[in-house]
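Note that this is a predicted model, so its numbers are computed, not measured.
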Amino acid sequence: MARLKEHSLFEQRLKKAKEQLTRLDNALFWPFVTLLLVGVVMLWAGQTKIGVACWVLVMLLALVKLYVTKTRNVVSNAWLRESLRQDSRSPVLILRSFDTQGSAYRPPRAVGKALLSGESYFDDIGLASLGPLIAIGTGARSAQPANAPDVLYLHTSDKDWFKVFELASKAARGIICAPGDSPGSIRELCTLCQSQMVTKIVFFMPPTPAKAHGLAAMNARFSPFLDPGKVRKKWTEVRESLREQGLRLPEYHSAGQLFILENAERVISSLPLDAGPDLYLKELAEHIEELFGRMPMSPGCPISELLQKTQPFEVPMRGTWLYRILCKPGMQPAS
């Protein structure tokens, strides 16, 4: 009972820190925009010193915001882990490559001369009704999500990642997969096929953003997707790589789709996404929930048990000094 109370108090401290950091992250947005606009106006008006000063402050504020966002994500992951320690629901595993040019990420956008990495389709998807969302690691090249992730990341080493994958895939009641052609992604999918678990995977085929009209066209003009045609090319490459391993995915459709396989070669159910200029997470979540309702669910095992099994193979996330001040991880209760 005392240990449960300790976990509850630590969870509350993490939740409070997450909320504080989220408010701070949001509060930094408008000063950033204001300084940016003032800097542009001052430079245009010939006030070079003031304009340059504003731009220097903009860059400093951007670094601060990035730091706060990173800290919030570390806190959010710690809070999710603590809140799930006593959870009896089976998890839902998200499989995707860390490559921001892969199928789990939107195409990058161009803003002026800057190139912004595409956001993940899955970090903030909102599928709590299906169960706790888990993924393995975040990858050094992953973009920091704009909102606190809904996904609990199981961080592990290169030596132990496959063991964590095996434990997580067997515990999951279902799997959401954005297939990739990296050696790790191919090994994961081949293992699921060989283990007769391919039937509990909902595959995600990303859409190609369509031409925008109306108000959406204004946003597309300010920050257009850079070469959205690469989505089709990437899917074709992934499809060819997996076909060599005996797994046949359907040909690419520009609207995108979700689908379930009966075996390594046959699709038994699919839903088109018809995303238009962009795919909204609410629409994606609704379609995933619908397909989960069509497939035979594996019972899996409680996420509380999974976290006990994966703990020996996990490595702690690298915190920041702000994280250590807010959460005092050295005082966290014993597992």
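Residues Leu63 and Trp30 fall into different hydrophobic clusters, defined by Ile, Leu, Val, Met, Phe, Trp and Tyr side chains chained together at heavy-atom separations under 4.5 Å. Hydrophobic cluster membership is shared by Phe292 and Ile268, with clusters built from Ile, Leu, Val, Met, Phe, Trp and Tyr side chains linked at under 4.5 angstrom. Transitive grouping of hydrophobic side chains (ILVMFWY, heavy atoms separated by less than 4.5 Å) brings Leu37 and Leu43 into a common cluster. Under the 4.5 Å side-chain heavy-atom criterion for ILVMFWY residues, a single connected hydrophobic cluster contains both Trp321 and Val74. Hydrophobic clustering, with ILVMFWY side chains joined whenever heavy atoms are under 4.5 angstrom apart, keeps Val52 apart from Met42.
Residues Ile134 and Leu84 have side chains not in contact (no heavy-atom distance under 4.5 Å, counting atoms from C-beta outward). The shortest distance between side-chain heavy atoms of Asn77 and Leu152 falls below 4.5 Å. No side-chain heavy atom of Lys170 sits under 4.5 Å from any side-chain heavy atom of Leu306. Leu249 places a side-chain heavy atom less than 4.5 Å from the side chain of Phe259. Residues Arg89 and Pro132 meet the side-chain proximity criterion, which asks for heavy atoms closer than 4.5 Å. With a 4.5 Å cut-off on side-chain heavy atoms, Phe313 and Leu154 do not count as touching. Inter-residue side-chain proximity for Phe225 and Asp278 is flagged as met; some heavy-atom pair is nearer than 4.5 Å.
A donor-acceptor contact shorter than 3.5 Å is absent between the side chain of Lys230 and the backbone of Gln101. A donor-acceptor pair under 3.5 Å is formed between the side chain of Ser83 and the backbone N or O of Leu80. In terms of modelled atom types and a separation under 3.5 Å, the side chain of Asp160 and the main chain of Lys163 share no donor-acceptor contact. For Tyr280 (side chain) and Ala275 (main-chain N/O), no donor-acceptor pair under 3.5 Å exists by modelled atom type. A donor-acceptor pair is defined here as one N or O able to donate and one able to accept, closer than 3.5 Å; no such pair exists between the side chain of Ser103 and the backbone of Pro206. Formation of a donor-acceptor pair under 3.5 Å by the Asn26 side chain with backbone atoms of Thr22 is found in this model. In terms of modelled atom types and a separation under 3.5 Å, the side chain of Arg106 and the main chain of Leu279 share a donor-acceptor contact.
One finds the OG1 atom of Thr191 at 6.5 Å from the CD atom of Glu166 (value rounded to the nearest 0.5 Å). Atom CZ of Arg232 sits about 11.5 Å away from atom CZ of Arg239, to the nearest 0.5 Å. Put simply, CZ on Arg173 and CG on Leu130 are 5.5 Å apart, with the number rounded to the nearest 0.5 Å. Atom-to-atom distance recorded for Phe29:CZ and Leu24:CG is 14.5 Å, nearest 0.5 angstrom. One distance of note links CG of Leu95 with CD of Glu188; it measures 5.0 Å at 0.5 Å rounding. The structure places CH2 of Trp55 at 10.5 Å from CG of Leu35, a figure rounded to the nearest 0.5 Å.
Pairing each heavy atom of Phe122 with each of Ala178, the nearest pair is CE1-CB, 3.9 Å. Between Pro272 and Gln257, the closest heavy-atom pair is CA-CB, 4.0 Å. Summarising the geometry of Leu273 relative to Ala255, their closest heavy-atom pair is CB-O, 3.4 Å, with the distance given to 0.1 Å. In terms of heavy atoms, Leu261 sits closest to Leu247 at CD1-CD1, 3.7 Å. Ala17 and Val75 make their closest contact through CB-CG1, 4.0 Å (heavy atoms, listed as atom of the first residue, atom of the second, distance). Taking every heavy atom of both residues into account, Cys190 and Gln245 meet most closely at SG-CB, 3.6 Å.
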Might you work through the salt bridge (charged side-chain N to carboxylate O under 4.0 Å, His left out) test for Lys233 and Asp227, ending with a clear yes or no? CA-CA 11 Å; Lys233 181 181 178 182; Asp227 194 8; over 6 Å; no
Ile186 vs Leu242, side-chain contact (heavy atoms from CB on, under 4.5 Å): CA-CA, chis, key distance, verdict: CA-CA 7 Å; Ile186 291 175; Leu242 291 173; 4.0 Å; yes
Please test Leu127 against Ile176 for side-chain contact (heavy atoms from CB on, under 4.5 Å), starting from the C-alpha separation and ending with a verdict. CA-CA 11 Å; Leu127 283 169; Ile176 303 168; 3.7 Å; yes
Let's go through Glu11 and Lys15 carefully: what are the C-alpha distance in whole Å and the side-chain angles of both, what is the deciding distance for salt bridge (charged side-chain N to carboxylate O under 4.0 Å, His left out) to 0.1 Å, and is it a yes or a no? CA-CA 6 Å; Glu11 179 190 345; Lys15 184 178 181 181; over 6 Å; no
Hey, mind stepping through Tyr252 and Val231 against side-chain contact (heavy atoms from CB on, under 4.5 Å) and telling me if it holds? CA-CA 9 Å; Tyr252 185 73; Val231 179; 3.3 Å; yes
Does the pair Lys16 and Glu19 meet the rule for a salt bridge (charged side-chain N to carboxylate O under 4.0 Å, His left out), with working shown? CA-CA 5 Å; Lys16 182 179 179 181; Glu19 292 170 347; over 6 Å; no
Test log, rule side-chain contact (heavy atoms from CB on, under 4.5 Å), inputs Phe203 and Leu189: CA-CA 11 Å; Phe203 286 92; Leu189 284 171; 3.9 Å; yes
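Around atom CH2 of Trp161, more than 12 heavy atoms belonging to other residues, nucleotides or ligands sit under 6.0 Å away. Within 6.0 Å of CG in Asp87 there are more than 12 heavy atoms belonging to other residues, nucleotides or ligands.
By the 6.0 Å and 45° rule, Arg187 stacks over the aromatic ring of Phe162.
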